[in-house]
Amino acid sequence: MATHTITIMINGALERLDVPSNMTLLQMLREKLALTGTKNGCEAGECGACTILLDGEPVNSCMILAVECQGRQIVTIEGVAPEGELSPVQQAFVDRNAVQCGFCTPGMVLSATALLRRIPNPTEAEIKEALVGNLCRCTGYVRIVDAIQDAATKGVAP
Amino acid sequence: MTLTHDPVGKSVPRIDTYEKVTGTAIFADDMQFGPGLYFGRLVRSPYAHALIKHVDARRALAMPGVKAVVTGADTPKNFGLYLIDRPIFARDRVRMVGEPVAGVIAATEEIATEATQLVEVEYEELEPVFDPFEGAQPGAPLLHPELGDYEVAPFIFPQPGTNISEHFKLRRGDVEAAWRDCAAIVEGEFRLPQIQHVPIEPHVAVSLWDLSDQVTLWTCSQSPFAQRDLIAQSLEIPHGNLRVVAPYVGGGFGGKAGVSMEVCAVVMARAVKGHPVKLRMTREEEFIGTSVRQSLVAQTKIGCDAEGNLLAMQTQYYFGGGAYNDYGVNIARAAGYSCTGPYLIPNVKGDSMSVYTNQPIGSAMRGFGMPEIHWGIEQIMDQLAAEIGMDPAKFRRRNCVKSGQTILTGMKMTPIDLVACIDKAAEAIGWGVREPASAPHRRRGKGLAIMWKAPAMPPNPGSAAIVRFNEDETVNISIGAQDLGQGAYTVLAQIAAHALGVPYEWVRISVPVDTKYSPYEWQTVASRITWSTGNAVRAAALDAKGQILDIVADHWGEDRGDLDIKEGKVFSYRTEEELPLKEMVIYGLPNEEYEGWTGGPIVGQGRFMPTYVTNLDFETGQGARAVVHYTVGAQAVDLEVDTETGEVEVLKIASVYDVGKAINPDLIMTQIEGGAVHGMSSAYEALRFDEQGRPLNPNMVDYRIATAVDIPHEIFGDFVETPVEDGPWGARGVGEHVMVQTAPAMANAIHDALGIRLNDLPLSAEKVYLALQDKLAQE
């Protein structure tokens, strides 16, 4: 398998990495960088647990090859609260008990963050629509929607 | 930081959310094992039922990067929880598509996957069995001709020479005589397909078997101690040499209880001693290769008199157990001793069976037999009420079990208030008020369903806990229970803090659970942690508190009875003297003039095991106490159906449960919300198979679970608190109950809207539409 050297901005730091042609972005994040906050739930783009921000857009990192990310910017859950201070979305998830098992949570936080950057004051329907690719089996989504509404009223950190 | 004193009954924040929202919470697949890590993949049977004639791994072993291949020849002993019927790797026969036949260990997951194609297995196909009713009939092809030779728990009754792995009989009163007094009798056959837990985290196990035969298993587990026990027995490892470490679990719902693929990882590690081996399920394997909820064929007949008093019930439950039993036999048993649902019926003849089928392994899933049996019972109750012209809510209030009544097994009903649950749920959806649909082609309906469920366990599952103080007066609680998202760690911290008299914020839970260091816990199942582990933690906290009070009483020259711990300080009611715990919990207290010291590091221990559950008679199911207690509740559903498409839109689900005591009210609400959506979603779910038993939809596109846009417009939740006698502050479990009767409540609402009855799940739009067309054609 051919390998490629790529340069990527990950959570604000420039990284140079050697990746095989068939390595997904999810595999690169988890296995080469140990950024394990990005979860592997299906490797088929169905569950959303591996959601990250690619140039600000939420994407399933299991559906993108690492080599496609040359020169692009990636934010994973580890980049949302780099100094340990929670973002408004994360704080709202804590305040609303919007977390149960927590496996979908990193992807949910990133999808919600991207939504609020795109639509600062979304309707309930817009929030649900934005989460349709992020599956949760525990919460019934109720508190997650509540938390995103709360975060919207407070404004998302840049 | 604000400190929360006396936290029991308060909605304190969850203890685990910071880790989880920042992505720092560690799940099994996140653990790092370095470059020595190998990867395993399983060779699985393509046939539902076949004899294995020959396995040849030579080509796989010759592939560069392949380290070893293990097969059934390496695993001569079966494993199992209640019935030891399951080979680790199939030996002479496969009994389901997807059954592990061999395991390949390689340097990378890619090589291991490729090498699985090179393991050659020769099969001879046998006739399969898929329907549990047919499988229970004489002459059906036998899946386990060896059934009579298997080891079995003393309360499970397999029927050798058949496919019936458990037959529970309930006999009370005289059913035949009672039918004659009935003014209305309704009977029906109800079918439920196999469904899957669909946790977002697939199963992952990593095992290391070192050269000194110390074995470690890191895995997402609801049952680290039960896994240690079953794996140690099957592989003949001393229990003390096998360590199971269980980090956070990314959703369990019963699917990560017991043992499934984890034991394969241990066997694979044994083949490459000194190297950890990681085995993780793909999503497809998660659907077919772990476990599923059992299918059910229920044939049920219930009758009442003209005043609406239930008189008689006869029921046969045929659970489709799949190829092997994990929890399956005990699900059939639990469904047998609770076979009436939450009703007082004086004459009962119930037969509940678990039947082997050539399908994925039917096992524990949220509700453990109760969602399955309530599906039919709760629809029949509505039909009986209609036949005698009584409001279904009134019918249920009249007939539902009440505290102190003698129920079907002869046991006295433990304290509950189901009538209050019915009242609150009915009120919440405007019961009895017909409301307009939102469009002319839509019909609106309301439905109600009630439930009961007892923790289904062996009679004596234990919990243990240790409370240790630290120098700064914070406290570490060691437990063997697991937080699957239900909030166990938070609730156990509340219980410890409250019993000790310290603020909630001082308490830490010492996890991950590690069988080498954590005290024993049977399993995190059956909604038993708040209750059972809660009792153990409370006992450990009171033990520690007693030690503290003895030391301080001695130091102050007072009676222990005059002292207490409040807000983290020892306090004398007599002198009003105070002592911060920090000053004595590790170093003790100096005697007068420092002539020696008193006390030392405070470590409290506690345990709980129910000692009062009794045997049930094999022929009648009668006994003094079948279970520890029951949790009960009511759900009411308001929905609309699109008559042009058959699509159901749930407007509101109202759920009210009797929780005994709400240790953390908001966490109960989060269970109620998640359970309502899980229950609604489950009504639409079904694993589908082709005629050869091959799965048709083992992925999240073709097997859909509820997404954010599918949820009810409104979920109402409430609880009542009738304390149990054997729980901490009267608390009982509620995690599973919140989805048990959602599907029949929806079915009753669909009937209210359209006048159609659907006896078989799933409630697909197609099925609703066709049933409506049938009804219109008949009119």
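Below, each value reflects all heavy atoms present in this structure, side chains not excepted, and no hydrogens, waters or symmetry copies. Throughout, protein chains are lettered first and strands after them, A, B, ... in sequence-line order, and every chain is numbered starting at 1. In this text the structure is predicted, and so the values were computed from the model without any measurement.
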Side chains of [Y] and [X]: any donor to acceptor distance under 3.5 Å?
X: B:Arg280; Y: B:His203; value: no
X: A:Asn22; Y: A:Gln27; value: no
X: B:Gln196; Y: B:Thr290; value: yes
X: B:Thr24; Y: B:Glu19; value: no
X: B:Gln671; Y: B:His737; value: no

Check for a donor-acceptor pair, side chain of [X] on one end and backbone N or O of [Y] on the other, with a separation under 3.5 Å.
X: B:Gln494; Y: B:Lys10; result: yes
X: B:Gln482; Y: B:Pro247; result: yes
X: A:Arg137; Y: B:His678; result: no
X: B:Tyr18; Y: A:Gly84; result: yes

For this session: Determine, for A:Tyr141 and A:Lys128, whether the Lys NZ or Arg CZ falls below 6.0 Å from the six-membered ring centre while staying within 45 degrees of the axis.
Result: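 Here A:Lys128 fails the 6.0 Å and 45° test against A:Tyr141.
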Given the options [options], which has more heavy-atom pairs under 4.5 Å with chain A than any of the others?
options: B:Ala708, B:Gly251, B:Pro712; answer: B:Ala708
options: B:Lys20, B:Met281, B:Arg283; answer: B:Lys20
options: B:Ala706, B:Gly252, B:Ala25, B:Pro13; answer: B:Ala706
options: B:Pro199, B:Ser11, B:Gly250; answer: B:Gly250
options: B:Val21, B:Val677, B:Asp16, B:Val204; answer: B:Val21

For [X], is it the side chain, the backbone, both, or neither that has a heavy atom closer than 4.5 Å to a heavy atom of chain A?
X: B:Met669; value: both
X: B:Ile200; value: both
X: B:Glu673; value: both
X: B:Asp29; value: both
X: B:Glu284; value: neither
X: B:Ser681; value: side chain
X: B:Thr22; value: both
X: B:Val198; value: both
X: B:Thr670; value: both

Under a 4.0 Å N-O cut-off, is there an ion pair linking [X] with [Y]?
X: A:Arg143; Y: B:Asp666; value: yes
X: A:Lys32; Y: A:Asp18; value: no
X: B:Arg14; Y: B:Asp483; value: yes

Name the region of [X], side chain, backbone, both or neither, that has any atom closer than 4.5 Å to a heavy atom of chain B.
X: A:Glu43; result: neither
X: A:Leu86; result: side chain
X: A:Val99; result: both
X: A:Asn134; result: neither
X: A:Gln91; result: neither

Exercise. Taking the inter-plane angle between the rings of B:Tyr489 and B:Tyr248 on a 0 to 90° scale, is it parallel (under 30°), tilted (30 to 60°) or perpendicular (over 60°)?
Worked result: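 Because their plane-to-plane angle lies in the 30° to 60° range, the rings of B:Tyr489 and B:Tyr248 count as tilted.
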Looking at [options], which has the largest count of heavy-atom pairs under 4.5 Å with chain B?
options: A:Thr76, A:Ile144, A:Ile127, A:Thr139; result: A:Thr139
options: A:Glu129, A:Glu124, A:Gln100; result: A:Gln100
options: A:Glu46, A:Met108, A:Glu78; result: A:Glu46
options: A:Gly133, A:Gly140, A:Cys101; result: A:Cys101

Exercise. If we only count heavy atoms from C-beta on, is the B:Thr490 to B:Tyr504 side-chain gap below 4.5 Å?
Worked result: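 The answer is yes, as the side chains (C-beta and beyond) meet within the 4.5 Å cut-off.
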Exercise. Any residues in residues 48-66 of chain A near chain B, with a heavy-atom distance under 4.5 Å, and which are they?
Worked result: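 The list, in residue order, reads A:Ala49.
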For this session: State which residue, out of B:Glu285, B:Glu109, B:Glu114, fulfils the side chain to side chain donor-acceptor pair (under 3.5 Å) condition with B:Arg41.
Result: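 In the set B:Glu285, B:Glu109, B:Glu114, the residue that makes a side chain to side chain donor-acceptor pair (under 3.5 Å) with B:Arg41 is B:Glu285.
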Problem set entry | Qualifying salt bridge (charged side-chain N to carboxylate O under 4.0 Å, His left out) pairs with a residue from residues 698-714 of chain B, counting only residues at least two apart or across chains |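 Residue pairs with at least one partner in residues 698-714 of chain B: B:Lys652-B:Glu714, B:Arg704-B:Asp710.
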